[in-house]
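So the structure is just underneath, and the comments pick up after that.
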There are 2 protein chains.
Amino acid sequence: MDLELRLDAVIVAVTDGAPRLLGVSDPQRARWSLPSATLSDEATLDRAVRAAIEEQAGLEVRYVEQLYTFGDVARRSQDHRTVSIAYLALVQETELLVGAEWLGYYDLLPWEDHRSGTSPMIESTVEPLLISWAGQSDERLARVSVAFGDPFDGVRVLDRYELMYEAKLVEEWWADQRVAAESPVFGEPMHLDGRRIAATALGRIRGKLSYRPVVFDLLAESFTLLELQRCVEALAGVRLHKQNFRRLIERAGLVEGTGERASHGGRPAELFRYRPEVQLERSRLGVGQPYR
Amino acid sequence: MDLELRLDAVIVAVTDGAPRLLGVSDPQRARWSLPSATLSDEATLDRAVRAAIEEQAGLEVRYVEQLYTFGDVARRSQDHRTVSIAYLALVQETELLVGAEWLGYYDLLPWEDHRSGTSPMIESTVEPLLISWAGQSDERLARVSVAFGDPFDGVRVLDRYELMYEAKLVEEWWADQRVAAESPVFGEPMHLDGRRIAATALGRIRGKLSYRPVVFDLLAESFTLLELQRCVEALAGVRLHKQNFRRLIERAGLVEGTGERASHGGRPAELFRYRPEVQLERSRLGVGQPYR
DNA sequence: CGACTTATACTCAATCTGAGTATTTGCTCG
DNA sequence: CGAGCAAATACTCAGATTGAGTATAAGTCG
């Protein structure tokens, strides 16, 4: 079997309340792909990824982490296996080169955004379809109810995508069978495993949120507490309780005031900056989701 | 550059209070290696790993999970890169074929066992050496104090191994320089990255312990609550508070009594079995470390 | 029988969570 | 220029969770 090794990157940024990831367009196909590189001569994989991103996309990478290695026999060809090592990178949104564009995470995975409650579309359309797909199978029903159950469990992004795939509710399932979709499908599709990998990345970010200070790699140097909260909410896909969120942040000592203030209409808010020293104080670190 | 893709497995079992992993011996070398296979034709990587383990070691794999892909340029040869996809597998300890043996996890990583407090050897020997290695560097000092700080943070296994490596306190550092160790080194070494991968695996298990019922894949069908606790303690490397541990397990509904009892000297304890249905009740799942 | 060992039941204070209410403070518009 | 708005910040409170014990039960062993 033919074997190819690639590095794929999910490059994430958050701008005004929307998590986004970098998509590259291939004129050949109508789909967006993840930026991808072949393995270079760099000594470590992490460095190879950083180099590829900074070179190809001109982005300053604030954080990189290996996500997962996908190596299933490519569904669209039987005698060829592409093993792709997927990475997550966090950046701040900037202008992009042609051929690349910021895609809205929740355009790809609309069922992941619960910031204004469970969207009616999901509740009235997707869930019934999933349940009817599950049919008599207790195992399937259990999976659906765990993944889509209430309260919303942000981390199970991949579980949900896998279910959508198996239930033929995403374009990619039909593409893998080489037929046009014969029933409704949801969310913007991507090339090959792109969306599955993006789902893995979102799940990982959500998981990390509560115990590692990842948000700060997505924010500007200084920010108000509300901006910080909105950024967390954008990623977590749920709304948080403002007062409690502040209590948490302050108790953890994650930020310090700059003395300056920003005004957005209401009472001006103090600007804060991240205090990297907390890393040494080994407390909770991170801005937990617990706070509804 | 020459490229090779391998699947490496950390196969873990826990027997009478000791976490162990499977080592295979290579007559060529004096070191233990991790069991390893080349990528087979199986459709998915997970399946390839399962098949390789069940075939080669004759073990029934209860749980498999991809750990990490290691692809740094092999330190011992410059023109060759081995990319190894490492997997974690949980099994129950059984008789092994020749050439394979159960290695004590804490023989490899003695500084990870805090069940009887911080071992005096670590406190009086390893820590001073780390601090003297850190010297004036604030960054190094910070890393040491976070990784080895008090209270013991079980999850940071890899951080600790990396520090030990950089500080030349493990055999592998010297081996990578192709010289004999010129200063004291700690723990049983393994071939190449074996111990680094084992460290990654232990960190992953410890992390999962608190939110996924992984212990049950290591235990027999029925067990007493103390056995369960000892198994968790063996993995977590810390002692837990018995009464609180029970409270947690029962509150979570993870187990159910079998009606039978086992006696080990004191008052006979009830035997319990795992209740897989909890997975559907989406509660905490897992037996948290919080309980000291 | 009595000492010992382990199991199991209960208690309690401190802290953490989730959900509010109340009060400031600058801005804007009539 | 003052009323009302929008958001920030301060404070409260009940209920759950934690960490750490004490007390009692039920077998085994000499």
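Letters A, B, ... mirror the listed sequences (proteins, then strands); counts begin at 1.
- In this entry the distance linking CG of B:Leu271 with P of C:dA7 reads 11 Å, nearest Å.
- Tested against B:Phe223, the residues B:Phe216, B:Phe272, B:Tyr274 include a single ring pair (Phe, Tyr, Trp, His ring centres under 6.0 Å) partner, B:Phe216.
- With rounding to whole Å, B:Phe245 atom CZ is found 15 Å from D:dT18 atom C1'.
- Taking atom CD1 of residue A:Ile249 and atom C1' of nucleotide D:dT9, one finds them 15 Å apart after rounding to whole Å.
- Using a 4.0 Å cut-off between a side-chain N of Lys or Arg and a carboxylate O of Asp or Glu, A:Arg239 and A:Glu233 qualify as a salt bridge.
- Inter-residue side-chain proximity for A:Ser119 and A:Ile122 is flagged as met; some heavy-atom pair is nearer than 4.5 Å.
- Side-chain nitrogen and oxygen atoms of B:Arg239 include none within less than 4.0 Å of the OP1 or OP2 phosphate oxygen of D:dA20.
- The base of D:dA26 does not come close enough to the side chain of B:Arg267 for any donor and acceptor atom to sit less than 3.5 Å apart.
- Within the nucleic acid shown, A:Glu270 comes within 4.0 Å of sugar-phosphate atoms alone, with no base atom in reach, counting heavy atoms only.
- Dashed line: the shortest gap from a side-chain N or O of B:Arg246 to OP1 or OP2 of C:dT8 is under 4.0 Å.
- Rounded to an integer number of Å, the gap from B:His241 NE2 to C:dC10 P is 16 Å.
- Residue B:Arg247 places none of its side-chain N or O atoms closer than 4.0 Å to OP1 or OP2 of D:dT18.
- Look at CD on A:Glu250: it is 13 Å from P on D:dA8, rounded to the nearest Å.
- With DNA chain D read from its 5' end, the first of the two nearest nucleotides for A:Gln243 and A:Gly266 is the one closest to A:Gly266.
- Of the residues listed (A:Leu254, A:Leu218, A:Val215), the one engaging A:Leu228 in a side-chain contact (heavy atoms from CB on, under 4.5 Å) is A:Val215, and it is the only one.
- Taking atom CG of B:Leu240 as the reference point, atom P of D:dT18 lies 13 Å away to the nearest angstrom.
- A salt bridge links A:Lys208 to A:Glu65: at least one charged side-chain nitrogen sits closer than 4.0 Å to a carboxylate oxygen.
- In this structure, the CZ atom of B:Arg261 is 12 Å from the P atom of D:dT28, given to the nearest Å.
- One finds no side-chain N or O of A:Lys242 lying less than 4.0 angstrom from the OP1 or OP2 phosphate oxygen of D:dA7.
- Here the P atom of nucleotide C:dT8 and the CG atom of B:Asn244 are 16 Å apart, to the nearest Å.
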